[in-house]
Amino acid sequence: MGAIQALRGTRDILPDEVKYWQQIESVARTILSRAAYQEIRTPIFEQTELFERGIGEATDVVGKEMYTFKDRGDRSTTLRPEGTAGTVRSFIEHSLHAQGGVQRLWYTGPMFRYERPGAGRQRQFYQLGVEVLGSADPRADVEAIAIATNLLQTLGLQNLNLDLNSLGTPEDRQQYRDALVTYLTPYKSDLDLDSQDRLSRNPLRILDSKDQRTQAIVQQAPNILNFLGADSRSRFEKVQQLLSDLGIAYKVNPRLVRGLDYYSHIAFEIQSDQLGSQATVCGGGRYDGLVSQLGGPNTPAVGWAIGLERLVLLLQQLSAAPPSILDFYLVSRGDRAEAQALVLAQKLRQTGFAVELDLSGSAFGKQLKRADRSGALACLILGDAEAENQTIQIKWLVSGEQQAIAQTELISSYQQLQQRITEFRAQEPAKAAQ
Ligand code: ATP
Ligand code: MG
């Protein structure tokens, strides 16, 4: 029988790559908690209706991309394609608005969309996102954007571009939609097939078409910014002013529309020119109508989501692999030494060291080679002689120096050893990062 492989559009994240994911998660946790964002965890599947109502039936996500199935109780169930709808459902279900003030939430986890897989595009992919519920203040938009840029910069990513647009109020948008349809209708047969289909269902999305002929037609289309009412315009200007105050560079892009139906006012994307065609790392905006559309009280809201596969691709290009945290690689040979080594490894870990125990039972030479490759700072060597007198050889792999010490000294000299480890890490980050 042939071996079973992962499904198309899904992939395993192996330990070498997981390092990058953990780095992202740890930086994100720090940055988000410093800004008083709290983590929320919602289910991976929900009633299909949540997404139909929350994302909009005319969108690609709901129309073509959802993993929807009947469960054994005949309920229409969908694997979540994004995180906002579930977060808002939870916000309403648990009356989080009753706590008053602003709710700043963040989440991370897998999302599912039946799409054509490629680099940075999966059927199961991961997002990290934030939702700020309960503030209509433009400062909430800008704070959210600033946290995204801070996160990306802290991870070492440069040369990212922030594109910004305003979709105005639903009324502004309706007027623009009418004008766009009037402009595009005479060109209908020249548009790509998807765009022809969108002309009646979701015409704003045509602005986003990657098709060259459609793009050329769209160049001359009416500009959404000319359809903003006075309120929408001053709000958009305020956001730009605040971004400038924070020193965050941006470009106004009147053709930026987002896939989901519920946006109003600010929409934005952060892109990298190092990702080829899947350039968007982060997308977000304001969605003042969503909470009430899902049956909750009128609640203004703004949020964004980062696609983590694309972020990992960018981090790998920087090749800034997070260093190994291993302090010791423990090798031993002979019955008595091996038994002692197992006990010692456990004691060292309880004391606070990171220790890998070689279990191979092979010749010392082979075990020492593995120690070199392990990324540990020192190799601990326990043979018959050491087992006999309860000592151990400690060999610092960076400098090559080696000495015998009492096993108990490893524990009692914890502070001094940690200090040496810190010094070696600072001296030889390249070695430690192997
Ligand atoms: P795209 O135009 O790339 O399809 P989108 O507008 O559908 O993106 P959003 O729903 O805004 O994407 O999701 C936010 C982010 O999640 C995207 O900017 C992207 O980084 C990531 N993302 C979306 N779909 C996928 C996918 N199928 N695989 C990997 N990442 C994805
Ligand atoms: Mg998409």
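Small disclaimer: the values here were computed from a predicted structure and weren't measured. Just follow the structure's listing: the first ligand is 1, and inside any ligand the first atom is 1.
Residue-ligand proximity, Thr280 to ligand 1, at heavy-atom distances under 4.0 Å covers atoms 18 (O), 19 (C), 20 (O). Atom numbering of ligand 1 starts at 1 in the shown order; those under 4.0 Å from a heavy atom of Gly120 are 28 (N), 29 (C), 30 (N).
The side-chain heavy atoms of Leu157 and Leu315, taken from C-beta on, include a pair separated by under 4.5 Å.
At least one N/O-N/O distance between Arg113 and ligand 1 falls below 3.5 Å. Here's the thing with Glu309: none of its N/O atoms is less than 3.5 angstrom from an N/O atom of ligand 1.
With hydrogens and angles left out, the side-chain atoms of Gln241 and Asp245 include a donor and acceptor closer than 3.5 Å.
Contact annotation for Val61 and ligand 1: no heavy atom of the residue comes within less than 4.0 Å of the ligand. By the criterion of a heavy-atom distance under 4.0 Å, the side chain of Glu115, and not its backbone, is placed next to ligand 1.
Cation-pi geometry between Arg173 and Phe227 is not met: the NZ or CZ atom fails to fall both under 6.0 Å from the ring centre and inside 45° of the normal.
Contact analysis leaves Glu82 out of contact with ligand 1, as no non-hydrogen atom separation drops below 4.0 angstrom.
Looking at every heavy atom in both residues, Leu128 comes nearest to Ala28 through CD1-CB, 3.7 Å. In terms of heavy-atom proximity, Thr108 sits nearest to Arg80 at O-NH2, 4.5 Å.
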Side chain to side chain contact (heavy atoms under 4.5 Å, CB included) between Leu204 and Leu180, intermediate numbers included: CA-CA 8 Å; Leu204 263 64; Leu180 185 65; 4.3 Å; yes
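Checking Arg121, Gln271, Gln122, Arg310 against atom 2 (O) of ligand 1, the nearest heavy atom belongs to Arg121.
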